[in-house]
J.: 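Attaching a single structure in structure tokens format; questions to follow.
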Amino acid sequence: MSKTFYITTPIYYVNDAPHIGHAYTTIASDVLARFKRLDGFEVMFLTGTDEHGQKIEKSAAKAGVDIQSFTDKFSETFRSLNKTLNISNDDFIRTTEPRHKKTVQEIWKKLLASGNIYLGSYSGWYAVRDEAFYAESEIVDGKAPTGAEVEWITEPSYFFKLSAWQDKLLKFYDDHPDFIAPTSRRNEVLSFVKGGLHDLSVSRTSFKWGIPIPNDEHHVMYVWLDALFNYYSAIHNEERQHFWPCDLHIVGKDILRFHAIYWPAFLMACNLPLPKRVYAHGWWTNDGEKISKSLGNTIDPVKLIEEFNLDYVRYFLMTEMPFGNDGNYSRSAFINKVNSHLCNNIGNLAQRVLSFINKNCDAKIPTFDLQEVDSKLLESAYSLADKMRVHLDNQEIHLAFEAVINLGSAANEYVDHQAPWSLKKTDPERMNSVLYTLTECLRIIGIALQSIIPDSACKLLDQLNISDREIKNMTKDYALKAGTDLPIPQGIFPRLQN
Ligand code: ME8
């Protein structure tokens, strides 16, 4: 049996069109999923849409559309964005699907039967935008700490006994220091939990758009209880249950509290094994401003892709800031990053080396007799796979690809220094060895880039006539064979104009 890896994105609300923030989370998860697949894991990569709750009900009413067709339309927009972004998800779950509703209702019954859910009455603040309850102490200038409008609600409600899980949660965080990442966010969660947990209202009676509570027709389920269990309902079947517990939930920092506190508490209460890790990444701004519909500065990933190209967008988003930090989108940063990393570094190297071989080596991988300087460069190329494994297991996406770009820079320095164009006249055998070393570096770079820029990496590997493209092939054992025919090289990374 191969090793398994289960990774998820948040399921997105269907009240609006996706923007760059949604694309970011999904692409990051895609990079990690693709890498694991290339590294021999059996991967389950889940994404989808979160379709119940008051926010969706209100948005549909505002649009004057019936709720089901409203959610169908926006869910489809997210699904089609995944195609546009070349996302390799294995499933796409909608919380309005029968498979999900059925699982969540079973869970409810289990929680009720075990005494984890009881009937009471809720009086307090609620923010529809966040679909979250806030304590009086959290309200700042009449608003939620996130800036969302709050309303006072008083209604009968079922409660989940969250307070009873406080100590067990703290023990769990202690026993599993890697559960919440990055560390700064872990500390935030810990201090919140240490501050004391209140029981959580998990049903609503003032609107209808939710999963009905099995034992009480007046109530629908609180949207977060419903939504979090999507991660479970998608694998709650014979073929997929071996993926549980989940290895990695990728979320934005805005929804860490739900994933790092409520989610493990719900699972403990159901006696289910807990996920291994929740990673909360940072927030994108546009030219320094928060991205929001009201400011009119949302960035449409589809437009960005139409203007530039998909792989450039994927590359920029994944490397512009350390994963975990906040970052800023600006057009000039985009162009500079893509030109310097992809066009001038990797693209230029490939174009120079492959066209030189095409003209001077009969379009075949040259013969070689390696010197120390060549072997040294190749050793660092062969060490790349392990470096990437370590970085990506820590979700240091930026560092994994920085290591690839560094290899490209080292190869560019090497080619300048070795100057094969001069060796052509003075020492053609040495020229061959230099070109061989460089094509071997390009092979490693091509394999390494597949998870982040799949189409471009595939073109590069095609130009090297390589079929072994897994991470395990990034070693000397799979080195290029002299005499292999190479196709006519074509530019892969066109330069962007400012
Ligand atoms: O919260 N920068 O859905 P949502 C970075 N349905 N990431 C951003 C972003 C930005 N400016 N804006 C959004 C929900 N995101 C719930 C989740 S999960 C069981 C239920 C990303 O549509 C980021 O991943 O509001 C954030 O957590 C998510 O979109 C919120 O998506």
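Since the model is a prediction, treat every value here as computed from it, not as a measurement. Whatever order the structure lists ligands and atoms in, that order sets their numbers, starting from 1.
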J.: Below the 3.5 angstrom mark, is there an N/O of Tyr24, backbone or side chain, next to an N/O of ligand 1?
T.: no
J.: Regarding ligand 1, does Val251 bring an N or O atom to under 3.5 Å of one of the ligand's N or O atoms?
T.: no
J.: Arg94 side chain to Glu51 main-chain N or O, any donor-acceptor pair under 3.5 Å?
T.: no
J.: Identify, for atom 28 (C) of ligand 1, the protein heavy atom at the shortest distance, and state residue, atom and that distance.
T.: Tyr12 CE2, 4.1 Å
J.: Under 3.5 Å between any N/O of Ile11 and any N/O of ligand 1: does that happen in this structure?
T.: yes
J.: Is it true that a side-chain atom of His398 and a backbone atom of Phe323 form a donor plus acceptor pair closer than 3.5 Å?
T.: yes
J.: Side chain or backbone, does Tyr13 bring an N or O within less than 3.5 Å of an N or O on ligand 1?
T.: yes
J.: As a check for students: among Tyr329, Phe258, Trp283, identify the option with a heavy atom nearest to atom 9 (C) of ligand 1.
T.: Trp283
J.: Using a 4.0 Å cut-off to any heavy atom of His19, which atoms of ligand 1 qualify?
T.: 9 (C), 12 (N), 13 (C)
J.: Identify whether the distance between the nearest side-chain nitrogen and carboxylate oxygen of Asp199 and Lys161 falls below 4.0 Å.
T.: no
J.: Which atoms of ligand 1 sit under 4.0 Å from any heavy atom of Trp284?
T.: 2 (N), 5 (C), 10 (C), 11 (N)
J.: Atoms of ligand 1 less than 4.0 Å from His259 heavy atoms?
T.: 18 (S), 19 (C)
J.: What atoms of ligand 1 come within less than 4.0 Å of a heavy atom belonging to Gly282?
T.: 5 (C)
J.: Which of the atoms of ligand 1 are close to Asp254, meaning less than 4.0 Å from one of its heavy atoms?
T.: 26 (C), 27 (O), 30 (C)
J.: Can you list the residues that meet the side-chain hydrogen bond (donor to acceptor under 3.5 Å, both in side chains) rule with Ser123, with sequence neighbours excluded?
T.: Thr154
J.: Quick check: Trp224 with Phe258 (ring centres under 6.0 Å apart)?
T.: yes
J.: Would you mind listing which atoms of ligand 1 come within a distance below 4.0 Å of any non-hydrogen atom of Thr25?
T.: 21 (C), 23 (C), 24 (O)
J.: Would you mind listing which atoms of ligand 1 come within a distance below 4.0 Å of any non-hydrogen atom of Tyr231?
T.: 18 (S), 19 (C)
J.: What distance separates Leu317 CG from Tyr24 OH, expressed to the nearest 0.5 Å?
T.: 7.5 Å
J.: Please determine whether a side-chain nitrogen of the Lys or Arg among Asp167 and Lys171 lies less than 4.0 Å from a carboxylate oxygen of the Asp or Glu.
T.: no
J.: Do Trp263 and Tyr231 have ring centroids that are under 6.0 Å from one another?
T.: yes
J.: Nearest 0.5 Å, please: how far is CG in Leu111 from SG in Cys270?
T.: 4.0 Å
J.: In the protein, which heavy atom is nearest to atom 29 (O) of ligand 1, and how far is it?
T.: His22 CD2, 3.4 Å
J.: Should you measure from each heavy atom of Ile255, which atoms of ligand 1 turn up under 4.0 Å away?
T.: 1 (O), 17 (C), 27 (O)
J.: Please name all residues satisfying salt bridge (charged side-chain N to carboxylate O under 4.0 Å, His left out) with Arg185, sequence neighbours left out, ordered by chain then number.
T.: Glu188
